[in-house]
Amino acid sequence: MASLQTSSSWGFRNAIYWFLLATAAVRAQNSTDNLKYVDQLIGSANGGNVFPGATLPYGMAKAVADVDSGSNQGGFTTEGGRVTGFSSMHDSGTGGSPSLGTFPFFPSLPCAGDDVNRCVFPKVRRALHYKEESVKASPGYFSLALENGIEAEMTTSAHTSLFRFKFPTGGSNGTSPLILLDLTDLSNSRQDNATIELDGDTGRMKGSARFNPSFGVGTWVGYFCADFSSTGGMRDNGIWVNSRADASVKSMKINRGINGGGPLPGGGFVRFTSSPSDGVLARMGISLISVDQACASAEAEIPDFDFAGTHKVAEEAWRAKLSPISIDSTGVETSLVTNFYSGIYRTMVNPQNYTGENPKWTSSEPYFDSFYCLWDSFRSQLPFLTILDPVAVQEMVRSLIDTYDHEGWLPDCRMSTCKGYTQGGSNADVVLADAYVKGLKGGIDWDKGYEAVVKDAEVEPYLWSVEGRGGLDSWKSLGYIPTEDFDYKGFGTVTRSVSRTLEYAYNDFCIAQMADGLGKTADKEKYIDRSGNWKNLFYKDQQSFLFDGTDTGFKGFFQGRYANGTWHTQNPLWCSTIDPDNSRVCSLQNNGQETFESSLWEYGFYVPHDQASLITLYGGPEAFVSRLNYLHDRNITYIGNEPSFLTVYQYHWAGRPALSAERVHFYIPRYFSPTNAGLPGNDDSGAMGSFVAFSMMGIFPTPGTNTYLITPPFFPTITITSPLTNKTATIRAVNFDPTYKNIYIQSASLDGKNYTKSWIGHEFFREGGELLLTLGSQESSWGKGAGDLPPSLGEGGNGTVGKRWEGLGSGMLWG
Ligand SMILES: *[C@@H]1O[C@H](CO)[C@@H](O)[C@H](O)[C@H]1NC(C)=O
Ligand SMILES: *[C@@H]1O[C@H](CO)[C@@H](O)[C@H](O)[C@H]1NC(C)=O
Ligand SMILES: *[C@@H]1O[C@H](CO)[C@@H](O)[C@H](O)[C@H]1NC(C)=O
Ligand SMILES: *[C@@H]1O[C@H](CO)[C@@H](O)[C@H](O)[C@H]1NC(C)=O
Ligand SMILES: *[C@@H]1O[C@H](CO)[C@@H](O)[C@H](O)[C@H]1NC(C)=O
Ligand SMILES: *[C@@H]1O[C@H](CO)[C@@H](O)[C@H](O)[C@H]1NC(C)=O
Ligand SMILES: *[C@@H]1O[C@H](CO)[C@@H](O)[C@H](O)[C@H]1NC(C)=O
Ligand SMILES: *[C@@H]1O[C@H](CO)[C@@H](O)[C@H](O)[C@H]1NC(C)=O
Ligand SMILES: *[C@@H]1O[C@H](CO)[C@@H](O)[C@H](O)[C@H]1NC(C)=O
């Protein structure tokens, strides 16, 4: 997603950044240690909002320095903010409010005059700049130095962070440094009655506080257990509130604040007798269940404050996660290899594995959180993990189904155990169908999963702003979501009638896919039928003029429609990248448009399941291609937001896979460069990362189906070994050219046999094989034949786009 706040990533929609690779002429070595190509700082500026700190794959503990710059949704940015603390929970790449950042530590030089009341406690006053050149981030590790000379390093296990603070030792600096713990979070959302309790002998601090989620409803409670270790020995400890502290007080329950200025500053502190050169270690155990569980996790996971050992375990965990994929990068710019592995890394930061930490219900199923949001991740992130880490996806799907089981609905967005806002359709339907058609099992209860997606399609929730779909009466009776719908059964923002109609249609197609595989023939027919509802919003006479009045020359667009059948009049270019009116609101606001975070122009391509019929509607393949070219060439679409992803590849359905390849190289690395400001928008929990990773591999998914579209990879060879079957899929490019002039597939073979289809099914990754792509510098006839186009539901119009739907009854695997 782009952010709900117009000031966040949506504000970046007109800011297009160009990066040249001229400085990165170093050539990559062929190496199996993929870790060294991970740059966690990619996306740490320019609204990427990534979490660049220390974490395990899907880890709950995420340690980093928090800064006070704008766009600090992931905690730290390289945008020149000041450090306000070092906290242990974060999200990555999200819009919404800054996420989590709970219970930060902050280290301090000895208090002036050796008086604890002359140390600076509240975060607005204590914030300090960091030394720019000091920032270091690598898998399982983050460090920087503050302007006052204090160095902070951090690493994590699953539910525990370990910080090492080193203090300058000259003169009086060598005495009595202090570390405080603050009962706060990044968004200042702490509610009333936060508590802290100190053990005077050991300095252990325990407590809890209630907070708001960053893009959702309700509240959640975090628990902590902090311990310290220093060869210098402890001097004293106590409580601080506002700007005052006292070592004789060991516990506090603190109010939210009385004058509306945000939560009162308060927490605990410890002082040490000296500033030892090996630093002071601070361990932070976190839990969503209890302080006892926070302490137990900390003691079990990092029993003896072993920083190097904890770091090494984290590094090994990441090495193992990246190991199924390897590339021969001979001749390719190192920057592209970095781009590739960093993108992959970011797909495994969120969602977070909160198994054993779910306070809302007791269950033996796994529990994942920070699905932030499925609207972003169904398109390529979760499909990417289905290839690289299918075991994790099985657990995620089980968690989604278990959430349905206990909360009544599949989530569309979820963070810190709260329901997040729905942006369009019920896109968990796509996630489940995608896992289903790709054959994931692993203990998934598919009957219950099917029950859950059918509920999305049939039953309207009271609050469809956070689950399910709205307007289902209209959907069933009229076959579209009307503009200004009359809906008295459930509630949500009554806008986005066009994008919701398109998403619901696609969601219903995905349900049909599952119905087919589960042998529910009547359901299959019903949902296939409803998946055609997108046609009801096609207004054939709709024209489109640029903002200077020039006719784009294209006629026929999706348009909003009232319940009485009369067409609405949204300009097809409103909310596009070239919309000059930056005050127009295009997100979840009550006065938003009929399209979410994008234009009628871009949603004009959003029929992932029936490109053949769409091509016919637009006048055939040639007309379709020129419309798609116009979308990209005129900057109407913006690659920094997820609805654009599939448009890069839709040329495949028009028999022009060569043009998809050209578009991929137009966007990568121009809009995705391995620099701090190198992402075009919010990374959205790794959505952007997965777009880069898939594109560079030369395949792209159409989620909810078994189809991957083929383009030439960015490397001579890519091999992926399925963690489920141990079988290896190899994509090899013949005539590979690292300057990317040969980006046109001339011919292909699969396991030695000629292969003319422009797409391949998931069995390639599950069963292994070798896909050999012979490249050249000109478009060829490969992938153009009527039988070679990717699957699509409808009949093609003029014989060039033939029927690809081989009959749902023959099993859910297309092709
Ligand atoms: C303490 O450290 C700070 C930051 O490095 C330095 O500016 C200051 O001079 C030091 N004080 C003494 C007494 O050495
Ligand atoms: C704080 O505690 C008081 C007294 O127990 C209680 O009435 C109030 O509801 C609590 N507030 C919150 C936000 O937990
Ligand atoms: C480079 O990588 C490829 C593919 O993994 C492998 O076959 C080849 O042996 C490697 N070459 C070197 C020199 O390491
Ligand atoms: C999630 O956490 C549970 C409990 O620690 C663990 O058993 C499981 O393997 C984890 N799953 C993944 C995908 O890491
Ligand atoms: C249909 O409803 C719209 C919105 O209320 C209204 O503007 C329009 O005049 C109506 N059309 C007809 C034919 O009644
Ligand atoms: C049919 O396909 C051909 C070949 O791509 C194209 O030239 C022609 O414009 C199409 N005609 C129609 C009516 O779509
Ligand atoms: C599209 O945006 C790019 C980058 O800002 C710019 O160079 C190009 O001229 C734009 N194209 C059009 C047609 O405005
Ligand atoms: C895959 O290989 C690993 C390591 O050799 C082995 O433990 C595992 O059982 C294998 N799995 C399958 C499905 O063959
Ligand atoms: C396979 O492809 C090669 C190279 O494009 C071509 O020469 C050959 O005729 C093809 N064979 C068949 C059976 O189509």
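Every heavy atom of this structure was used, including side-chain atoms; hydrogens, water molecules and symmetry mates were not. In listed order, ligands and their atoms are each counted from 1.
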Undergrad: Below 4.0 angstrom, N of the basic side chain to O of the carboxylate: do D684 and R379 qualify?
TA: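 Result for this pair is no, no salt bridge flagged.
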
Undergrad: State whether any protein heavy atom lies less than 4.0 Å from atom 7 (O) of ligand 4.
TA: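 So far as the 4.0 Å threshold goes, atom 7 (O) of ligand 4 is out of reach of every protein heavy atom.
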
Undergrad: Pull out every atom of ligand 4 sitting under 4.0 Å from any heavy atom of A392, numbered as shown with elements.
TA: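 Selected atoms, number and element: 13 (C).
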
Undergrad: Please determine if T566 has a nitrogen or oxygen closer than 3.5 Å to a nitrogen or oxygen of ligand 5.
TA: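 N/O-N/O distance below 3.5 Å exists for this pair.
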
Undergrad: Ignoring hydrogens, tell whether any protein atom lies closer than 4.0 Å to atom 14 (O) of ligand 2; use the non-hydrogen atoms only.
TA: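 Flag for atom 14 (O) of ligand 2 set to true, protein heavy atom closer than 4.0 Å.
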
Undergrad: Side chains of T721 and T728: do they bring a donor and an acceptor to under 3.5 Å?
TA: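 Looking only at side-chain atoms, T728 and T721 do form a donor-acceptor pair, the distance falling under 3.5 Å.
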
Undergrad: Would R283 and F305 count as a cation-pi pair here, with the cationic atom under 6.0 angstrom from the ring centre and within 45° of the axis?
TA: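 Yes, R283 and F305 form such a contact.
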
Undergrad: List the closest protein heavy-atom neighbour of atom 9 (O) of ligand 4: residue, atom name, distance to the nearest 0.1 Å.
TA: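 Sorting protein heavy atoms by distance from atom 9 (O) of ligand 4 puts E395 OE2, 3.8 Å first.
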
Undergrad: Does K123 pair with D182 as a salt bridge, N-O distance under 4.0 Å?
TA: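 Between D182 and K123 there is no salt bridge, as every charged N stays at least 4.0 Å from the carboxylate O atoms.
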
Undergrad: Apply side chain to side chain contact (heavy atoms under 4.5 Å, CB included) to residues Y539 and H568 and explain how you reach the verdict.
TA: CA-CA 10 Å; Y539 178 37; H568 183 53; over 6 Å; no

Undergrad: Do you see a protein non-hydrogen atom under 4.0 Å from atom 11 (N) of ligand 4?
TA: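 It does; a protein heavy atom is within 4.0 Å.
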
Undergrad: Considering non-hydrogen atoms of the protein only, which is the closest contact for atom 5 (O) of ligand 5, and what is the distance?
TA: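 Protein heavy atom at minimum distance: Y562 CD2, 4.6 Å.
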
Undergrad: Is the closest side-chain donor-acceptor distance between S685 and Q381 under 3.5 Å?
TA: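 No, no side-chain donor-acceptor contact under 3.5 Å.
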
Undergrad: Please confirm whether N353 comes within less than 3.5 Å of ligand 4 when only nitrogen or oxygen atoms on both sides are compared.
TA: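 In this structure, N353 places an N or O atom under 3.5 Å from an N or O of ligand 4.
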
Undergrad: Compute the shortest N/O to N/O distance between Y58 and ligand 4 and return yes if it is under 3.5 Å, no if not.
TA: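 Among all N and O atoms of Y58, none is under 3.5 Å from an N or O of ligand 4.
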
Undergrad: State whether a side-chain donor-acceptor pair under 3.5 Å links T493 with Y421.
TA: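 Distance-only check fails for T493 and Y421.
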
Undergrad: Please indicate, with yes or no, if any protein heavy atom is found under 4.0 Å from atom 2 (O) of ligand 5?
TA: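 Yes, there is a protein heavy atom closer to it than 4.0 Å.
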
